[in-house]
Amino acid sequence: MSVSCRLLIVLLFARVVVAAEPNEVPPPIYDEDAIPHFVLPEVLVCDDGSKVKTADDWTSKRRPELLQLFADEMFGNVPRAAQNLVVTSKVVEEGEVMAGKAVRRQVELLVSRKDGKGQLVLGLLMYIPKSDKPVPAFIGLNFKGNQTIANDAKIHLNPGWVRPSNDGTVVDNKATEASRGTASSRWPVELIVSRGYAVGTMYYGDIDPDFDDGFENGIQGLVKGDSERKLTGNEWGSIAGWAWGLSRILDYLETDEQIDAKHVGVVGHSRLGKTSLWAGASDERFAFVVSNDSGCGGAALSRRRYGESVHRINTAFPHWFCDNYVKYNSNEGAMAFDQHELIALIAPRPVYVASATDDQWADPHGEYLSCYFADPVYRLLGTNGLGGEAPILAPPGPDDPRAIGQIGYHLRTGKHDITEYDWTQYLNFADRHFAK
Ligand code: GTR
């Protein structure tokens with residue numbers, strides 16, 4: 001089916017235009033019939049109107065311009081000064097786990113300014129299956145500290161600022177002992193290791209604490225130093241900072257002989273799914289990318305305005321994206337891009353997008369459509385896209401991971417979360433691509 005024909009079908013889904021006062025966040029749409037009319041930018045047409053006909057057109061022209069567009073208008077560019085940072089690593093703890101079948105390794109990545117005026121300590125936790133050859137790995141950031149991912153008393157308790165929680169796991173914005181293992185259902189470490197993969201994680205707040213402080217702290221603050229300069233409209237927001245941190249983990253893994261650094265996938269849930277997509281788009285060393293329930297600003301098409309909208313996300317989380325992104329509040333039609341093109345930036349590498357039935361805020365249908373509209377790029381680059389002869393417009397039903405080619409997709413029954421079911425699909429997907 002041609003791209004224009006697919007666009008027509010989407011237009012048929014969309015009938016009513018929603019109007020709102022310029023500065024007022026419109027109420028979320030939860031009705032397919034209420035989605036505004038929209039026309040998606042064509043992924044295989046360059047800014048100058050020329051068509052992308054070959055893999056080379058994509059790689060040498062369209063992909064670079066799209067990547068720059070997302071950097072300038074949405075996530076923000078990493079300032080050149082970040083290249084002056086010096087990152088060193090130190091293994092700070094190591095031990096056998098899982099009855100000798102795996103190793104737990106804790107590493108500190110020390111990020112320092114050359115002028116000595118400040119540094120950040122990023123704590124990486126890894127579980128690595130014992131093997132006589134380097135193993136592939138999944139890496140991803142976590143929300144509340146490495147100690148939350150497993151009930152393992154040896155994991156260092158994160159000393160930094162943590163988002164508040166009233167269940168005793170965080171007191172005065174510091175994680176407590178009670179937080180140990182509280183996110184273990186999201187990190188089925190034993191399953192991952194038993195399938196032959198290492199898993200590495202870092203607390204996202206080590207890179208940039210998740211609150212709007214004008215970027216005085218975290219990686220943006222470190223790069224800025226004591227200069228009074230404010231970030232410009234196209235400089236990095238928090239998501240770009242977190243993605244930068246994921247790339248530093250990969251730098252380290254390239255030096256770890258137990259890891260097959262050519263087969264490292266990046267995985268993330270929710271805001272960290274938005275982050276894994278941007279990390280995968282901006283750093284082509286990531287061999288595969290997983291977006292779990294990433295929603296608005298992640299895998300979901302922005303123009304649908306279904307569930308969380310650009311206007312709402314920029315209002316609730318002004319620090320996640322660059323300031324230029326605010327121009328698109330209730331004005332998505334002015335974007336020269338949409339989220340299918342973020343998926344396409346990962347091509348031809350495997351990408352997996354997952355949604356959940358009760359997570360309408362993240363627009364499961366819009367997440368699938370991004371995969372659908374990224375499919376032509378995957379096929380142009382010689383892969384089978386969403387699988388089959390041609391992609392299917394209707395999303396698969398719950399718990400039916402059948403839309404699986406170089407792009408994978410499933411809709412899990414249940415709430416906004418990342419579960420063992422999700423991980424099982426990601427492991428199967430990685431197995432298939434790494435031909436194990
Ligand atoms: C929500 C936000 C979503 C998603 C989620 C999360 O409040 O609206 O975009 O990122 O948080 O990260 O848990």
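Order of listing sets the numbers, starting from 1, for every ligand and every atom in it. Note that the coordinates shown come from a computational prediction; the quantities given were computed from them, not determined experimentally.
Among protein heavy atoms, the minimum distance from atom 6 (C) of ligand 1 is reached at S270 OG, 2.5 Å. Counting protein heavy atoms only, atom 7 (O) of ligand 1 is closest to F317 CZ, 3.4 Å. The protein heavy atom nearest to atom 11 (O) of ligand 1 is R271 NH2, 3.0 Å.
In the model, R105 has a side-chain atom that pairs as donor or acceptor with a side-chain atom of Q258 under 3.5 Å. A donor and an acceptor atom, one from each side chain of H156 and Q147, are nowhere located under 3.5 Å apart.
If you look at F138 and F288, their ring centroids are closer than 6.0 Å.
Comment: R62 engages E341 in a salt bridge, judged by a side-chain N to carboxylate O separation of less than 4.0 angstrom.
Screening residues 149-171 for salt bridge (charged side-chain N to carboxylate O under 4.0 Å, His left out), with sequence neighbours left out, gives R104-D152.
For ligand 1, the atoms lying closer than 4.0 Å to a non-hydrogen atom of W320 are 9 (O), 10 (O).
Relative to atom 3 (C) of ligand 1, the option among H416, E308, H269 with the closest non-hydrogen atom is E308.
At a 4.0 Å heavy-atom cut-off, ligand 1 does not touch Y204 at all. Residue contacts with ligand 1 for K274 involve side-chain atoms from C-beta outward but no N, CA, C or O (heavy atoms, distance under 4.0 Å).
Of the polar atoms of W361, at least one N or O is found under 3.5 Å from an N or O of ligand 1, judged by distance alone.
Every residue two or more places apart in sequence or in another chain that forms a side chain to side chain donor-acceptor pair (under 3.5 Å) with R285 is listed here: D251, E254, D283.
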